4 protein chains.
Amino acid sequence: MNKVILAGRLATDPEVRYTQTGKAVASFRLAVNKRFSRDQQNTADFFTIIAWQKLAEICGNNLVKGSQILVDGYLQVRNYDAQDGSKRYVTEVVANDIEFMGSRPANHADNNYAGTPSASGTSSQSTAPKNQPAASSPASSFGSELPPDEEIPF
Amino acid sequence: MNKVILAGRLATDPEVRYTQTGKAVASFRLAVNKRFSRDQQNTADFFTIIAWQKLAEICGNNLVKGSQILVDGYLQVRNYDAQDGSKRYVTEVVANDIEFMGSRPANHADNNYAGTPSASGTSSQSTAPKNQPAASSPASSFGSELPPDEEIPF
Amino acid sequence: MNKVILAGRLATDPEVRYTQTGKAVASFRLAVNKRFSRDQQNTADFFTIIAWQKLAEICGNNLVKGSQILVDGYLQVRNYDAQDGSKRYVTEVVANDIEFMGSRPANHADNNYAGTPSASGTSSQSTAPKNQPAASSPASSFGSELPPDEEIPF
Amino acid sequence: MNKVILAGRLATDPEVRYTQTGKAVASFRLAVNKRFSRDQQNTADFFTIIAWQKLAEICGNNLVKGSQILVDGYLQVRNYDAQDGSKRYVTEVVANDIEFMGSRPANHADNNYAGTPSASGTSSQSTAPKNQPAASSPASSFGSELPPDEEIPF
DNA sequence: TTTT
DNA sequence: TTTT
């Protein structure tokens with residue numbers, strides 16, 4: 001069992017990229033308020049969140065810096081080579097599911113993808129409004145897919 | 001909300017150290033089997049687990065490499081200065097609670113500490129058996145304490 | 001391990017009562033939207049949430065029907081005697097922690113209670129505004145207490 | 001968000017039934033040790049766990065009374081008509097995922113079902129050993145299915 | 001490097 | 001750097 005649940009606000013806009021095979025990957029930083037800051041200031045911890053495929057696109061189309069969300073995912077260690085040739089490790093949270101919080105009706109998006117995304121990465125939702133975070137289509141959502149083992153393009 | 005739940009086996013023996021003020025800190029690596037390894041080998045992810053105070057001592061006295069546990073905790077980013085002067089970040093899981101799994105009666109330990117540990121770090125449980133992971137005293141366990149903001153001594 | 005995490009909106013105002021020993025208990029119903037309603041209507045499941053002591057009072061002072069919250073708690077079966085003399089069982093969620101969601105700065109309340117509540121149940125926060133859910137005092141919050149085994153007064 | 005995580009031991013053997021359309025449903029009672037029993041006895045809470053389809057069959061084939069498991073699921077209220085005509089409600093935990101704990105290599109089973117179960121309910125795994133809880137086939141496990149809204153046959 |  |  002490997003489970004992470006985080007509630008917080010986006011500290012960055014989501015960045016959506018596409019792998020060579022056309023799979024969407026979103027990433028952003030999430031600010032999670034610390035529970036007890038010793039100095040009574042409301043500090044936060046910052047984590048990198050990764051979302052794949054349909055969920056990635058929903059993030060790209062519906063979230064902006066400041067959006068309040070609830071992430072359900074798992075911890076993952078990713079290794080990469082630093083410029084100095086050494087191996088470096090980063091721990092990220094891969095989202096299985098994201099709930100949009102806040103005043104408007106909570107959206108709900110699952111990391112599922114029934115259709116076949118075009119390899120170019122043009123998403124059917126790419127014209128969705130972004131700064132007016134309307135409800136995304138509520139995710140038909142049967143079947144979850146294996147996160148690709150291709151390199152994450154960032 | 002910042003919650004992590006991991007089930008796995010210790011990949012290292014726990015290492016227990018003491019801060020200047022005598023607070024115990026345990027750390028170890030936890031191997032969490034990946035759910036779907038593409039190559040069908042049973043690979044794992046490895047995470048660093050931190051436990052404080054009474055829970056740290058219970059870990060030191062009851063866990064060894066290979067022990068199967070269930071960790072309930074939270075994600076924390078810790079930053080330190082690399083040898084080359086640059087800032088480096090590590091993400092760790094701070095345990096609030098650890099359950100001991102396996103064949104013998106499940107222990108249960110909470111990150112609580114009623115007494116005052118001697119600053120020398122000599123623990124009242126320091127003579128407890130280690131390789132014969134008997135049940136630790138079942139944690140009277142009222143009250144949880146703030147994790148210290150002193151430097152973790154490793 | 002016994003953990004429940006629910007996000008939803010209050011379906012009722014919280015009801016706060018006091019045990020004979022003066023411990024506050026709040027209860028309310030939480031509407032949690034179902035993920036996949038077959039008929040595409042946004043139906044919900046309804047669960048009873050119980051909060052004790054300081055957390056109960058924070059609920060009573062800050063939550064109203066419609067409030068959006070995140071509950072971290074555990075499942076509990078409670079049995080009582082039905083009018084016909086038979087034993088009846090109810091499953092409830094006892095909150096350890098509740099986060100207030102929505103547009104204003106997220107509050108954070110822990111089920112902790114440092115002071116000694118007067119047996120009359122008069123809370124220091126009993127005059128706090130209710131329909132203008134301002135931030136409660138952010139829970140100094142060291143130490144969590146055992147939920148009482150006295151009868152819940154409802 | 002509606003999440004439940006329970007660790008415990010089966011208090012009953014799993015009972016597997018089949019709906020009219022041939023979907024397998026398993027149910028059993030799980031004993032979850034209470035954290036702090038006031039009387040220091042190690043009492044437990046008992047919850048009903050429901051599993052569907054492939055996961056139901058894996059439960060039926062691999063679990064027995066006493067098996068130690070980790071359940072990841074969600075809370076569900078089910079209503080039925082009592083003999084006296086009144087409406088009665090039960091709260092159950094529907095498993096998305098069950099991990100088998102204990103001494104032997106942890107199994108891992110997902111609530112996924114790629115194939116089409118015969119309406120008769122004869123499972124491809126129905127001859128698997130039961131009292132010698134060997135590892136079930138490790139769940140190819142792409143795609144999770146909607147829990148049926150047919151009546152649970154018990 | 002950071003959100004409200 | 002790694003557990004079964």
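All values below were derived from every heavy atom in this structure, side-chain atoms included, with hydrogens, water molecules and symmetry-related copies excluded. Throughout, protein chains are lettered first and strands after them, A, B, ... in sequence-line order, and every chain is numbered starting at 1. Keep in mind the model is a prediction, meaning the values are calculated, not measured.
- In this structure, CD of A:Q68 is placed 8 Å from C1' of E:dT4, rounded to the nearest angstrom.
- For B:R29, taking side-chain heavy atoms from C-beta onward, the closest of the listed nucleotides F:dT1, E:dT2, F:dT4 is F:dT1.
- You'll find the side chain of A:L75 stays beyond 4.5 Å of the side chain of A:F47, heavy atoms only.
- In this structure, the side chains of C:I5 and B:M1 come closer than 4.5 Å at one or more pairs of heavy atoms.
- Taking a centre distance below 5.5 Å and an interplanar angle below 30 degrees as the stacking criterion, B:F46 stacks against the six-membered base ring of F:dT2.
- A straight line from NZ of B:K87 to C1' of E:dT2 spans 15 Å, rounded to a whole angstrom.
- Whole-Å rounding puts the B:L6 CG to F:dT2 P distance at 19 Å.
- The distance from atom CD of A:E15 to atom C1' of E:dT2 is 14 Å, rounded to the nearest whole Å.
- Note on residues 60-73 of chain A: pairs passing salt bridge (Lys or Arg N to Asp or Glu O under 4.0 Å), not counting sequence neighbours, are A:D72-D:K3.
- Across all strands, A:Y89 comes closer than 4.0 Å only to sugar-phosphate atoms, never to a base (heavy-atom distances).
- Residue A:L63 contributes atom CG, which lies 21 Å from atom P of E:dT2 at whole-angstrom precision.
- Evaluation of the side-chain contact (heavy atoms from CB on, under 4.5 Å) rule for A:Y89 yields A:V77, A:N79, A:K87 as partners, not counting sequence neighbours.
- Spacing between atom NZ of B:K34 and atom C1' of F:dT2 amounts to 13 Å, rounded to whole angstrom units.
- A straight line from NZ of A:K65 to C1' of E:dT4 spans 12 Å, rounded to a whole angstrom.
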